[in-house]
Amino acid sequence: MFLPRSTIALILSILGSHATSVNACNFAKLSNGEEIPDDEAHRNLRTKSLNSDVRKKQLKIIQDHNHKQGLQRKLQEGEHISGCIDEGMYNGIMEKVADIGRAIDDVSEKGHFYGALVRLTAHDFMDFDIGPDLEPDGGPDGCIEFFNEAENRGLENRGLEDVWCSTCPLTLDYKENYEGLGVSVADFWVALGNAAILETSNRRLELPFQWGRPVIHSDDCNPVTSRLPAGTGCSQVEQTFINRMGLSWTDAVALMGAHTLGRASLNNSGHEGTWMANDVDATQFNRRYYNELVNRAWFPRTNELGNQDWDWGQDRGVMFLNTDICLLYDIDASQECCTNTTTTNGRCRGDFQNIQCPQANVVRPEAHQAVTTFYNSNDNTAFFEAYASAWQKATENGHEGLQTVGDTNSCMVTPPPTNAPTPPPTNAPPPTNAPPPTNAP
């Protein structure tokens with residue numbers, strides 16, 4: 001059916017009059033998030049504005065630190081050993097991450113920031129494959145397939161773009177101050193992960209670091225995202241950490257302890273909640289992950305997206321994955337059970353409140369023992385030592401000839417000469433008068 005031209009003209013005139021009568025949002029160009037109404041209609045605009053303000057603050061922190069370190073001077077002088085990271089540069093990264101985290105007021109966002117940095121490092125090293133012929137592939141190489149919504153790729157890495165993106169302060173810092181010195185993305189990411197752990201452990205766990213992972217250009221990157229473990233169970237943990245990365249079950253259990261930091265999001269992983277009891281605890285790196293695993297009465301649930309995980313209360317915003325529960329309990333055949341049917345610290349609910357999950361001490365004895373050891377320790381020492389050992393293996397997998405961080409001048413091509421100390425002048429003894437000559441007889 002064809003409409004007469006007169007009718008089309010009338011419709012267009014009506015649409016045009018309505019279009020001109022709609023005013024643009026008065027807040028669309030504001031940069032101050034506090035002035036944007038706090039309602040659903042303006043939610044996206046407020047988030048964008050507040051994120052912009054946060055990033056401006058973070059960039060200022062980074063610029064102040066870089067000015068003190070003199071990174072631009074290193075670039076301009078061109079006398080820096082390519083890729084080298086000295087003590088001053090490394091400590092500067094530690095300080096920048098700490099100050100950025102301290103400047104985040106929202107405690108949930110603070111936990112997400114630290115957790116995302118550790119996750120960024122881990123998602124880089126977890127695609128390592130030692131290979132059947134000991135020809136390693138992947139690992140800590142600075143190659144990650146970031147989430148691409150348009151192409152529906154990199155789904156496993158959703159959320160990492162909050163800390164590493166074209167406009168993210170730490171990415172800009174790397175591009176402007178470290179890339180020109182030959183520092184690899186992989187080295188920089190490991191340093192960021194170390195910084196997050198150092199700060200959230202109350203500066204009690206200083207992880208080992210060596211530099212020298214090669215620079216890999218984006219065109220040569222080949223991340224194998226499919227190697228990242230899904231949250232379905234310990235077969236995934238075994239495939240990733242034990243079979244491909246060559247780690248032990250104790251290593252795997254220790255690395256899983258990093259779930260103390262941050263929270264899962266439905267938009268990112270398809271799960272929602274913190275592993276810890278609250279957002280404050282989710283900003284602290286310690287052995288509490290194992291306390292939560294042992295002491296809580298976890299029961300299975302299915303969330304609104306149809307994904308199964310575990311809960312110990314109603315509307316508490318907490319969550320554990322199958323890959324967490326299976327370290328202590330044997331849920332390989334069935335998840336229809338409760339981890340603790342006798343505890344008074346929360347009761348199992350639903351159809352499984354009287355069905356006790358069996359212990360995993362038979363099917364995964366080393367993992368079960370590691371959880372028990374970390375839980376029964378009087379402090380964080382056993383966990384911290386195991387974590388540091390596992391982290392070093394994971395972040396150095398596939399690399400040989402890595403270099404230890406030297407002092408502040410160790411990265412200069414020609415170290416400045418050191419002036420030999422000038423000895424203090426010594427006072428010569430006063431001259432003595434010669435005895436008067438004697439006349440020969």
Side-chain angles (χ1 to χ4, degrees), residues 62 65-66 69-72 74-75 77-97 116-130 135-146 154 157 160-161 163-166 168-198 207-225 227-228 245 391-408 410-413:
I62 288 171
H65 276 288
N66 289 343
Q69 288 179 248
L71 288 178
Q72 285 299 314
K74 292 177 184 288
L75 284 167
E77 291 178 351
E79 296 181 350
H80 188 91
I81 297 173
S82 182
C84 182
I85 297 178
D86 64 29
E87 187 177 56
M89 295 167 64
Y90 183 74
N91 290 338
I93 295 172
M94 302 299 107
E95 293 167 8
K96 278 183 276 194
V97 169
L117 291 183
V118 176
R119 187 169 165 240
L120 176 69
T121 313
H123 279 222
D124 188 29
F125 68 56
M126 283 194 299
D127 70 348
F128 180 79
D129 190 350
I130 198 169
E135 295 182 3
D137 173 60
D141 53 10
C143 292
I144 283 182
E145 184 178 39
F146 287 92
N157 295 316
L160 297 183
E161 68 275 6
V163 293
W164 196 263
C165 63
S166 60
C168 292
L170 288 171
T171 312
L172 294 174
D173 184 31
Y174 170 76
K175 291 286 187 183
E176 294 173 5
N177 299 293
Y178 297 90
E179 188 175 43
L181 297 175
V183 175
S184 68
V185 172
D187 280 350
F188 195 70
W189 284 354
V190 173
L192 292 180
N194 285 13
I197 295 297
L198 178 64
L207 294 171
F209 178 82
Q210 295 191 94
W211 61 269
R213 297 163 188 84
V215 174
I216 299 181
H217 299 288
S218 57
D219 293 341
D220 298 323
C221 270
N222 185 32
V224 188
T225 306
R227 292 177 185 166
L228 299 180
M245 294 179 62
W391 182 265
Q392 183 168 16
K393 295 174 190 175
T395 57
E396 296 182 4
N397 251 342
H399 297 292
E400 296 180 357
L402 297 180
Q403 302 292 312
T404 303
V405 173
D407 62 35
T408 302
S410 62
C411 288
M412 297 183 70
V413 175

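Quick caveat: nothing in here was measured; it's all calculated off a predicted structure. Heavy atoms only: backbone and side chains are in, while hydrogens, waters and symmetry mates are out.
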(message) Within this structure, what is the NZ-CG distance for the pair K96 and L192, rounded to the nearest 0.5 Å?
(response) 9.0 Å

(request) Step by step, work out the side-chain contact (heavy atoms from CB on, under 4.5 Å) result for E179 and F188. (result) CA-CA 9 Å; E179 188 175 43; F188 195 70; over 6 Å; no

(request) Rounded to the nearest 0.5 Å, what's the gap from OG on S166 to NZ on K175? Could you check? (result) 10.0 Å

(message) So, taking the atom named SG in C143 and the one named CG in N222, what distance separates them when rounded to the nearest 0.5 Å?
(response) 8.0 Å

(message) As an exercise, state the distance from NE2 of H123 to CD of E145, rounded to the nearest 0.5 Å.
(response) 13.0 Å

(message) Main chain of R227, side chain of D127: is a donor-acceptor contact present, judged purely on distance under 3.5 Å?
(response) no

(request) Evaluate the side-chain proximity of D86 to S410: yes if any heavy-atom separation is below 4.5 Å, no if none is. (result) yes

(message) Could you measure the distance from the CD1 atom of I197 to the CG atom of L207? Nearest 0.5 Å is fine.
(response) 6.0 Å

(request) Give, for atom CG of N157 and atom CG of L228, the distance between the pair rounded to the nearest 0.5 Å. (result) 6.0 Å

(request) Would you please indicate if the ring centroids of F209 and W391 are separated by under 6.0 Å? (result) no

(message) If only side-chain N and O atoms count, and only distance matters, is there a donor-acceptor pair under 3.5 Å linking N194 with Y90?
(response) yes

(request) Locate the shortest heavy-atom distance separating G142 from A186; write the atom from each residue and the value. (result) N-CB, 3.5 Å

(request) Could you check I85 against D187 for side-chain contact (heavy atoms from CB on, under 4.5 Å), going step by step and ending with a plain yes or no? (result) CA-CA 9 Å; I85 297 178; D187 280 350; 4.1 Å; yes

(request) Check F146 against E161 and note the closest heavy-atom contact, atom names and distance. (result) CD2-N, 4.5 Å

(request) May I ask you to decide if P140's main-chain N or O and H399's side chain share a donor-acceptor pair within less than 3.5 Å? (result) yes

(request) Please confirm whether the backbone N or O of G154 pairs with a side-chain atom of T225, one donor and one acceptor, at under 3.5 Å? (result) no

(message) Can you give me the closest heavy-atom contact between M94 and A191, atom names plus distance?
(response) CE-O, 3.1 Å

(request) Please name the pair of heavy atoms, one in Q210 and one in L402, separated by the smallest distance, quoted to 0.1 Å. (result) OE1-O, 3.4 Å

(request) Check whether any side-chain N or O of N91 sits under 3.5 Å from a backbone N or O of E87 as a donor-acceptor pair, and report yes or no. (result) yes

(request) Just do the side-chain contact (heavy atoms from CB on, under 4.5 Å) check on C221 and I216 with the steps written out, would you? (result) CA-CA 7 Å; C221 270; I216 299 181; 4.0 Å; yes

(request) Give the minimum heavy-atom separation between W164 and V185, together with the two atoms involved. (result) CZ2-CG1, 4.4 Å

(message) Applying the side-chain contact (heavy atoms from CB on, under 4.5 Å) criterion to W189, which one of D124, T395, L170, D141 satisfies it?
(response) D124

(request) Determine yes or no for a side-chain-to-main-chain donor-acceptor pair under 3.5 angstrom, with E400 supplying the side chain and G398 the backbone. (result) no

